[in-house]
Amino acid sequence: MSQAMRPLAAPDAGGAPPPAFHLVAGARPLALVVEGSRLYEIDAELALRLDAGEAGAIEELLACGAGAPGLRLAEVAPPPHIHALSLNLAQACNLSCSYCYADEGRFHGAARQMPEAVALAAIDRLLESAGGGRVTVGFIGGEPFLNRSTLHACVAHARARAARLGAAVGFSVTTNGTLLTEADVDLLRDNAFVVTVSLDGDAATHDRHRPDRHGVGSHARALAALGPLLADPGRARVTARATVTRDDLRVAERVGAMLDAGFLEAGVSPARTGPAPELLLCGADWERFLAEMVRAADAELDRVRRLGAGEPLRFSNLGIALQQIHRGSCRPLPCGAAYGYASVSAEGRYYTCHRTLDDPRFALGDLASGPDLEARRRFLAARHVDAQEPCRSCWARYLCGGGCHAEVAAAGRDGCDYVRGWLDHCLRTYVEVAEELPWLLAAA
Amino acid sequence: MTDKILPRNLTARAAYAVPGNPPSTRLESGVGNCFPGLEYDHRNLDRRFFPGLVFEYVTLSDAAADPPIQGARLLAVDDADPELATGEARYQALAGPLASRLDELATRLAPGAVWFLSAIEQGGRKIKLEDSTGAPLDGPVVWRLVRNLRPEAVTLTVAPRGTRGRPVVLAGWRRRYTDPETGVISLSYQPGELTQSLCSPWMHDFRDCACTYWASNHPDIVFPAVEPGEPTLPSGIPDDPLLGQQRIDWLRAHRARALTASSAATQDANLPYEMSHFEINEAWQDLAIVLENRELGGPYAPRSRQVDNARPFATPVELRDQLLVLAGLEHLVILLYLYARYSLLAPDEARARAKKARSWPTLADDVEFVRYQILGVAISEMQHLRWVNHLLWGLADAKLIEGWSFAPAVVPPARVIPAAGKLQGDLPAVLRPLDPATRQLFQDIEEPSGYIDGRYARVTATLLQGKYPSQLYQMASNIVRDGEQHYLCFRDVNLLLSAYGKDLVYLRSIEPGKPGDPAVRQALDTYSEIVRDLVEGYRLGGPYENRLGLAEARQRMFTLDAQAEALARRGIGVPYLSLFAPPAPIPPR
């Protein structure tokens, strides 16, 4: 999704214009020009002048690229057809994770499974409206493998349908991993699934918040079921994602444990929403969490340096941030929700993403009528980062995008300092990585 | 001003406006011409097609150079080439050994040593850069070969010339010139490198542009300026035919007007007579402004032409009736001109006659010229016939005349040449050979104050009025413009053939053929078929013309040409007008 820069049609409604650049202090001062997310290394003298707000210095910096200060990204273009769809195969789960935003998969309703007919119909609609090209079908829950037969049927159906239409289809699944059978593993391997496994770290850390229905920690079971897939992923790409709760903000240890368990890549996500407020990060937690993230990032880079040229980055939060900075990612939204991506509930209703299922504020229509274009446009216009407070005056807005819609709707924007701090760290890291570890940024 | 604002990420690098470079050096604003180029010469990318090496593509200008200087000359080894350190992962294994080889090569590039690319190998195919005689391939040829390389592994051989030395083989790859994701140009190119071979400023290129982009923007051959007080035709052309027809080189070095242009076969051969590089740059103000193909000696005064003063026809009905008359006249003049054309000797006949008489050494060229010119005018009139039909159709389509719908106006041809201008009275139309009287007649028919021109002027003036569809005016204007060219053409022909005086040595002896003669019949049948094809072709009119029908008509015209020529060689002219009812006698004045 590329955006053109142009001034807003109407003058900015009151207030100071948004910052045109951001200084990253340090031994190697950097300046991030917000327009285009352009990163420059500057000398100390210019850094001082920029810090003092000297107009001449600002002009010098901005003159390095085309354009003028104070521009904002244009409105989101009319969204294309949805090309990525996640299917909530089972609004139900075999585990009882304490922080689960999905209320043990139920999304605050009755436990239910998506009928196969609904799933196949959604896939058909996805392929037809995408008109050739590439689509992605994702399986989520609850625990999608509770509805194993539908999942397998969907894959076969999607492949056959896509082949007939001359389209390409990719698959993804988010799973707790505990229910995987040999047939499931083969399916994942053979169809090049992107597999995201919810794992929180080592056994103790994981079992603290991820027990099954009987209160028994699920770590052992998960790793047992995942063993064959980790040993031989085939064409699948398997990552682990940990949810970090405020009672244990350590990141490096979690990531380390996951990598030790055999995952080639691992990342973390701070818990912001869910049924247990005592687990959600807030207030002073963010500063500590930032420190933990920085520590984990540094540890990962040390590991890469030690192992030398060609060694890939395995801490995915860092990897994603570095890639985004490298490309100058500059966008007014945090993700593809409602733009190119939508989610389907067990009843066959569309929502902006997998985290807003059954929330009427994020409804987009039903299978009969398809995802409503008007609803999508309204949603995207309202969520544009320049229409959000406090985002519209934040230097990081086009890198951040405003934060997860579902999380912000539920919990507000509490962790902005963390986001900015993390980006600062990644900006500094980026410059070093570009010099010392350039293979990490080479085109895939 | 700070020294250090270094772009670090891809968008910063892509946006980086090199201080001092104008916006036109950025690819997104470029025209992307590369001959050598207006903003950016992309051939400069190929100078560094191989990491670590810088080549120059040298073209042959002195065949006798020893050692030969053409080919891809190795200028330098660039061990700071960033591609050597951060190239694609798939080349990692090659990078190390390549770097060593480059170091070795650098030590051997002693001052004065001349090294060239001698072989390229990719995908199992190796090309030695020399022709079948062992001579090195010319620079542009090598460049084209380099251009054909894929961005994959490449092995090169470079060798010294003129001195003894072992060639060096380098295994590397063809550089990707731009980042495949962002389009940012490889950092190996130094500032200024891509634009170092651009086109010179516009004045210079008026003279030297080899792709003729600039040449297409300036006048080439023009008519000289009219001296004040010089008598002119209504269109502004000098009345004196010699002055009126003189053509001169707009870029001529000698700025006086009395020099006829000639055109040698190559740009180089013409150059000595044109302004030089620095003259163009220094004295470009001396180049003349040209309007309507003529240099302006003074302020331009729009000339008053018949068109400006013509009286529009009162009604669409009158316009239509006049167009019908004009259609008949167009057809008539086609026949007059064609008949006259075949009365001229063919060049081979002329050569034979001249040789026999040991005189008129230019006769063959002259008749060839005149035949060509007259045929050209005849074809132009055929086009006018078609356009008149278009005009009629346009009138009908605009529904300006009640109860009238379009029908093709092709036959019959007019039988009378109306009085106008130098023609004092109506003349019966008679097909005649191109003797002096006929030549003068043709000139008088086409002259600016003649009937045809005057009528079209009124047609044009009429069509300017709002109620007529606007495109009809354009079409009519084209006919008027052509008319002047026909006049000039006949004037040229007249001038040329007048030199032969009273001897009609350029003519065949032609008599009108008898319709009973089978060969004549055959030619007349072809002519009838052409007419029929044209009527059928025009029948639906305007954009619905039957293109196939018209194409068939054209095919038959080639046949008629062959038949008429064959008859004319036997002294027989095709009596086209015999197919039509004889004209009413012209009442005495």
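Note on naming: letters A, B, ... go to the chains in the order of the sequence lines (proteins, then strands), and numbering restarts at 1 for each one.
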Checklist outcome for this item: For B:Pro7 and A:Tyr40 the tightest heavy-atom approach is CA-CD2, 3.5 Å
Checklist entry - Above 12 or not: heavy atoms from other molecules or residues under 6.0 Å from CD of A:Glu59? => result no
Item to check | Residue pair B:Thr11 / A:Ser37: nearest heavy atoms and the distance that separates them | outcome: OG1-O, 3.1 Å
Checklist entry - Roughly how far apart are A:Leu322 CG and B:Asn9 CG, rounded to 0.5 Å? => result 11.5 Å
Item to check | Other residues, nucleotides, ligands: >12 heavy atoms within 6.0 Å of B:Arg90 CZ | outcome: yes
Checklist entry - For the residue pair B:Ala15 and A:Arg38, what are the closest heavy atoms and their distance? => result CB-CD, 3.3 Å
Checklist entry - Which distance, rounded to the nearest 0.5 Å, do you find between the NE2 of A:His326 and the CG of B:Leu10? => result 3.5 Å
Next on the checklist: Can you tell me if A:Arg420 has over 12 outside heavy atoms packed within less than 6.0 Å of its CZ?
Outcome noted: yes
Checklist outcome for this item: When the 4.5 angstrom heavy-atom criterion is applied to A:Leu61 and chain B, the contacting part is both
Checklist entry - Atom CD1 in A:Ile42, atom CZ in B:Arg8: separation rounded to 0.5 Å? => result 12.0 Å
